[in-house]
Undergrad: 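One structure follows; several queries about it will come next.
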Amino acid sequence: MFPTPVEKKSRAYALSYQGLLPIALLMWLAPLLAVALFSIKPDVDFAQANYWGLPSSTDGLGNYWKVFTASDMPRYLFNSVFITVPTVIGAVALSCMTGFALGIYRFKGNMWVFFMFVAGNFVPFQILMVPVRELTLDMGLYDTKTGLVLFHIAFQTGFCTLFMRNFIRALPKELIEAARVEGVTELQIFWHVVLPLMKPAIAALSVLIFTFIWNDYFWAVVLTQGPDSQPVTAGITSFNAQYRAAYNMMSAGSLVAALPPVVMFFAMQRHFIAGLTLGAVK
């Protein structure tokens, strides 16, 4: 059922594993290393087809300075913050309540309601492109941060509910039954008993949703246009000119845009691992 540890395999297998692991790691990091190299190159290197050689100048941080001073990148970053943070709060808050209702109560049609939340995760989001865009146009929410936030909350609540419902079902039922015997209301049970136990799951889910929304490109292009509402993933394409793409600026902007999810993951790493592994062992 479980894979055999490497140390229990044959010596040939262990040596092959140790030899292939650095190669796989290098292949995994190669695109990131290429972007980092491009981000410190001047424009003249691309004009002279110096794509993979060393930079011709030492002003490596000049591109990063231009990203913040000669473009709308700061506005795109603020847009991403204003889109991602409310989405995380809204999706996690709704999933905590729906997960509590579906995980604690046994009512007729419980599984059908749960399946409706889960079924949305199996619909390819490309199919929803046209109807969602038309809906935002009819509601006057197209090209607004509010429209993008509402859509992301609606689309992410299904996965969040699946995550929270399974977590809540693993909690000790004796705590909830004891609270009911003491005459505690259901709202108080949720707020004072269940919610404190859900903190690791909330932290883990918040990191996941933050990463999903911050890195979203498809819906950022479909539902927004222009620097007033576009997040950073779509704003990076503004470095594409009509006849030439500023690859060095795009690379520098991409690395800047990738920093917030990385910082959040390392800041919440302890809670993230605890939320994913809680309940894995008895």
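Positions are given from 1, in the same order as the sequence printed here. Hydrogens, waters and symmetry mates are skipped; everything else that's a heavy atom, side chains included, is used.
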Undergrad: Please report the closest heavy-atom contact between Val118 and Phe122, naming both atoms and the distance.
TA: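 Taking every non-hydrogen atom into account, O-CD1, 3.4 Å.
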
Undergrad: Thr224 vs Thr144, test: side chain to side chain contact (heavy atoms under 4.5 Å, CB included). Steps then yes/no.
TA: CA-CA 7 Å; Thr224 60; Thr144 63; over 6 Å; no

Undergrad: Would you confirm whether Gln188, through its side chain, and Thr185, through its main-chain N or O, come within 3.5 Å as a donor-acceptor pair?
TA: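 Flag set: sc Gln188 to bb Thr185 pair under 3.5 Å.
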
Undergrad: Does Leu54 CG have over 12 foreign heavy atoms under 6.0 Å away?
TA: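 Not buried by this count: 12 neighbours or fewer within 6.0 Å.
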
Undergrad: Can Ser56 and Asp45 be counted as having a side-chain donor-acceptor contact under 3.5 angstrom?
TA: yes

Undergrad: So, Asn63 and Ser39: side-chain donor and acceptor under 3.5 Å apart, yes or no?
TA: no

Undergrad: Tell me if the CZ atom of Phe266 is crowded by more than 12 foreign heavy atoms within 6.0 Å.
TA: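 Counting neighbours around CZ of Phe266, 12 or fewer heavy atoms of other residues, nucleotides or ligands fall under 6.0 Å, so no.
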
Undergrad: Quick one: list whatever passes ring pair (Phe, Tyr, Trp, His ring centres under 6.0 Å) with Phe114, sequence neighbours left out.
TA: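 In terms of ring pair (Phe, Tyr, Trp, His ring centres under 6.0 Å), with neighbours along the sequence ignored, Phe114 is linked to no residue.
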
Undergrad: When clusters are formed by joining ILVMFWY residues with side-chain heavy atoms under 4.5 Å apart, either directly or through shared neighbours, do Trp65 and Leu37 land in the same one?
TA: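 Shared cluster, no.
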
Undergrad: Identify all side-chain donor-acceptor contacts of residues 128-138 below 3.5 Å with residues at least two apart in sequence or on another chain.
TA:
residue	atom	partner	partner atom	Å
Thr136	OG1	Val132	O	3.2
Thr136	OG1	Arg133	O	2.7

Undergrad: Measuring from atom CG of Leu259 to atom CE of Met264, what distance do you get when rounded to the nearest 0.5 angstrom?
TA: 15.0 Å

Undergrad: Are the side chain of Lys145 and the backbone N or O of Pro231 linked by a donor-acceptor pair below 3.5 Å?
TA: no

Undergrad: Start with the C-alpha distance between Phe265 and Phe210, add both sets of side-chain angles, then the distance that settles ring pair (Phe, Tyr, Trp, His ring centres under 6.0 Å), and finish with yes or no.
TA: CA-CA 9 Å; Phe265 173 78; Phe210 184 94; over 10 Å; no

Undergrad: Crowded around Phe218 CZ? As in, over 12 foreign heavy atoms under 6.0 Å?
TA: yes

Undergrad: Might you point out which heavy atoms bring Thr237 and Ala234 nearest each other, and give the distance in Å?
TA: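 Looking at all heavy atoms of both residues, the closest pair is OG1-O, 2.5 Å.
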
Undergrad: What do you reckon, is CE of Met111 surrounded by more than 12 foreign heavy atoms closer than 6.0 Å?
TA: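 For Met111, atom CE is crowded (more than 12 foreign heavy atoms under 6.0 Å).
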
Undergrad: With side chain to side chain contact (heavy atoms under 4.5 Å, CB included) as the test, would you mind laying out the steps for Leu255 and Leu32 before giving the verdict?
TA: CA-CA 9 Å; Leu255 291 180; Leu32 180 61; 3.8 Å; yes

Undergrad: List the steps and the verdict of ring pair (Phe, Tyr, Trp, His ring centres under 6.0 Å) for Phe155 and Phe151.
TA: CA-CA 6 Å; Phe155 198 75; Phe151 169 77; 5.6 Å; yes

Undergrad: Please step through side chain to side chain contact (heavy atoms under 4.5 Å, CB included) for the pair Leu197 and Leu175, ending with a clear verdict.
TA: CA-CA 11 Å; Leu197 298 176; Leu175 293 176; 3.8 Å; yes

Undergrad: Please answer: with hydrophobic residues joined when any side-chain heavy atoms are less than 4.5 Å apart, are Leu141 and Leu223 in the same cluster?
TA: no

Undergrad: For residues 158-171, which side-chain N or O atoms pair as donor and acceptor with protein atoms under 3.5 Å away, sequence neighbours left out?
TA:
residue	atom	partner	partner atom	Å
Thr161	OG1	Thr98	OG1	3.0
Thr161	OG1	Thr157	O	2.7
Asn166	ND2	Leu162	O	3.1

Undergrad: Assess the residue pair Phe68 and Leu77 against the criterion (side chain to side chain contact (heavy atoms under 4.5 Å, CB included)); give the C-alpha distance rounded to whole Å, side-chain angles, the decisive distance to 0.1 Å, and a yes or no.
TA: CA-CA 10 Å; Phe68 286 99; Leu77 289 171; 3.8 Å; yes

Undergrad: Can you list the residues that meet the side chain to side chain donor-acceptor pair (under 3.5 Å) rule with Arg180, with sequence neighbours excluded?
TA: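 With sequence neighbours excluded, Arg180 shows a side chain to side chain donor-acceptor pair (under 3.5 Å) to Glu186, given in chain and number order.
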
Undergrad: Give, for atom CD1 of Ile209 and atom CZ of Phe212, the distance between the pair rounded to the nearest 0.5 Å.
TA: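 If I round to the nearest 0.5 Å, the distance is 5.5 Å.
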
Undergrad: Indicate if Val222 and Phe125 have the same hydrophobic cluster label, given that clusters are the connected sets of ILVMFWY residues with side-chain heavy-atom separations under 4.5 angstrom.
TA: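 Linked, Val222 and Phe125 end up in one cluster.
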
Undergrad: Are Ile176 and Val181 connected, step by step, through hydrophobic side chains (Ile, Leu, Val, Met, Phe, Trp, Tyr) whose heavy atoms are closer than 4.5 Å?
TA: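 The answer is no; the residues belong to distinct hydrophobic clusters.
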
Undergrad: Determine whether Phe100 and Met198 make a side-chain contact, defined as any pair of heavy atoms from C-beta on separated by less than 4.5 Å.
TA: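 When only atoms from C-beta onward are counted, Met198 and Phe100 do not touch, as no gap falls below 4.5 Å.
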
Undergrad: Does the gap between the ring centers of Tyr247 and Phe38 come in under 6.0 Å?
TA: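 Not under 6.0 Å, so no.
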
Undergrad: Are Pro22 and Leu26 close enough that some pair of their side-chain heavy atoms sits under 4.5 Å apart?
TA: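 Not touching, per the 4.5 Å side-chain cut-off.
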
Undergrad: Is there a path of hydrophobic side-chain contacts, each under 4.5 Å between heavy atoms of I/L/V/M/F/W/Y residues, joining Leu150 to Leu148?
TA: no

Undergrad: Nearest heavy-atom pair of Thr211 and Val207: which atoms, and what distance?
TA: OG1-O, 2.9 Å

Undergrad: Would you list the atom pairs, donor with acceptor, under 3.5 Å between side chains in residues 79-96 and any protein atom, with sequence neighbours excluded?
TA:
residue	atom	partner	partner atom	Å
Asn79	ND2	Arg75	O	3.4
Asn79	ND2	Pro227	O	2.8
Asn79	ND2	Gln230	O	3.0
Ser80	OG	Tyr76	O	3.3
Ser80	OG	Val232	N	2.7
Thr84	OG1	Ser80	O	2.7
Thr87	OG1	Ile83	O	2.6
Ser95	OG	Ala91	O	3.0
Ser95	OG	Val92	O	2.9

Undergrad: Apply side chain to side chain donor-acceptor pair (under 3.5 Å) to Asp72 and list each qualifying residue two or more places apart in sequence or on a separate chain.
TA: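 None.
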
Undergrad: Is a donor on one side and an acceptor on the other found under 3.5 Å between the side chain of Trp214 and the backbone of Ala257?
TA: yes

